[in-house]
**Student:** 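Quick one: structure below, then a few questions.
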Amino acid sequence: MTAWAYLIMCSNLVILATTSLIGYLDSRKIPHADYHLTVINITTHGINVAYAVVDALLITGIPVKILHFYQGASAGAAYAIFTLVYWAAGGTNEDGFAYVYKALSYSDSPTTAAVVNVVAVCVASPLFHFLMFGLHKLRVFIYKSSSSRQITEVV
């Protein structure tokens, strides 16, 4: 596996994990919520997303290809399988609950967990990849507009 594929997978998963976490922070809506809105959570996940986007778009210069959306989705599918195996093996989170995240509680609501996994892998991950692709195209446009050198881009 190349650094290119890892960059795509990590960028997509970081954004996916952070947006998923933000969606489940309100403990009034979810009993026994895993996380609460704290400065630590905001800083940890916010800096993680900012770093992933800056790294992918400004530091590495690795192009983002639109047809590589499957890379992030496959990493998300691997994580979904991991959470299922973790639950089936009797794994618990730090609070002793039989799930990694409440939304993926196969014991309490297997249908919800399945829907969350399918939406994350089939909808959200490709959507975030297309967002990264759009930001990549913006980076190339800015470079072409501000540089006298011509670059050739393979799509």
Side-chain angles (χ1 to χ4, degrees), residues 1-137 139 154-155:
M1 180 114 9
T2 66
W4 187 336
Y6 284 129
L7 178 77
I8 298 301
M9 287 188 275
C10 290
S11 299
N12 287 354
L13 290 178
V14 162
I15 296 169
L16 179 63
T18 301
T19 54
S20 298
L21 177 68
I22 290 169
Y24 296 103
L25 279 177
D26 188 357
S27 61
R28 291 171 293 159
K29 294 180 182 174
I30 301 173
H32 309 295
D34 302 68
Y35 292 96
H36 302 283
L37 188 58
T38 65
V39 173
I40 300 277
N41 278 328
I42 293 169
T43 308
T44 302
H45 293 89
I47 288 175
N48 201 10
V49 168
Y51 175 78
V53 171
V54 168
D55 183 46
L57 300 175
L58 301 175
I59 296 174
T60 63
I62 293 175
V64 177
K65 308 295 184 193
I66 195 154
L67 293 178
H68 290 172
F69 69 90
Y70 70 90
Q71 293 170 338
S74 63
Y79 184 75
I81 292 168
F82 162 75
T83 62
L84 183 61
V85 170
Y86 186 80
W87 166 78
T92 61
N93 64 14
E94 61 189 22
D95 296 324
F97 295 109
Y99 52 77
V100 178
Y101 296 107
K102 179 66 177 166
L104 300 176
S105 177
Y106 299 101
S107 299
D108 297 340
S109 181
T111 304
T112 300
V115 168
V116 167
N117 281 326
V118 168
V119 169
V121 170
C122 297
V123 178
S125 185
L127 180 69
F128 293 133
H129 181 77
F130 298 145
L131 171 71
M132 293 298 286
F133 176 74
L135 291 173
H136 163 73
K137 295 302 271 184
R139 176 185 68 182
V154 179
V155 175

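Reckoned from all heavy atoms, side chains included, excluding hydrogens, waters and symmetry mates.
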**Student:** Which distance, rounded to the nearest 0.5 Å, do you find between the CG of L16 and the OG of S125?
**Tutor:** 6.0 Å
**Student:** Over all heavy atoms of both residues, which pair between D108 and Y99 is shortest? Give the atoms and the distance, please.
**Tutor:**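 Result for this residue pair: OD2-CE2, 4.5 Å.
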**Student:** Could you measure the distance from the CZ atom of F128 to the CD1 atom of I8? Nearest 0.5 Å is fine.
**Tutor:**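 One gets 14.5 Å once the value is rounded to the nearest 0.5 Å.
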**Student:** Would you indicate whether the side-chain heavy atoms of S105 and F97 approach each other to under 4.5 Å?
**Tutor:** no
**Student:** With side chain to side chain contact (heavy atoms under 4.5 Å, CB included) as the test, pick out the partner of V53 among I15, V14, L131.
**Tutor:**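 That would be I15; it is the only one of I15, V14, L131 passing the side chain to side chain contact (heavy atoms under 4.5 Å, CB included) with V53.
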**Student:** If every non-hydrogen atom of A52 is compared with every non-hydrogen atom of S11, which pair is closest and at what distance?
**Tutor:** O-OG, 4.0 Å
**Student:** Which class fits the ring pair H68 and Y70: parallel under 30°, tilted 30 to 60°, perpendicular over 60°?
**Tutor:**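 If you compare the ring of H68 with that of Y70, the planes turn out perpendicular.
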**Student:** Just to verify, which of L7, T2, D55 counts as forming a side chain to side chain contact (heavy atoms under 4.5 Å, CB included) with I62?
**Tutor:** L7
**Student:** Rounded to the nearest 0.5 Å, what separates atom CZ in F133 from atom CD1 in I66?
**Tutor:** 4.5 Å
**Student:** Going from OH on Y6 to CG on L13, what distance comes out if it is rounded to the nearest 0.5 angstrom?
**Tutor:** 12.5 Å
**Student:** How long is the straight-line distance from CG of L84 back to CZ of F82, given to the nearest 0.5 Å?
**Tutor:**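 It comes to 11.0 Å.
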**Student:** Heavy atoms, side chains only, cut-off 4.5 Å: are V100 and Y79 in contact?
**Tutor:** yes
**Student:** For residues A98 and W87, report the shortest heavy-atom separation together with the two atoms involved.
**Tutor:** O-CD1, 3.1 Å
**Student:** How close do M9 and Q71 get, counting heavy atoms only, and between which atoms?
**Tutor:**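 Scanning both residues completely, I find the closest heavy atoms to be CG-O, 3.2 Å.
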**Student:** Taking all heavy atoms of H136 and all of P63, pick out the closest pair and write down the distance.
**Tutor:**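 For H136 and P63, the tightest heavy-atom pair comes out as CE1-CA, 3.4 Å.
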**Student:** Of all the heavy-atom pairs spanning N117 and Y106, show the shortest one and how long it is.
**Tutor:** ND2-OH, 2.8 Å
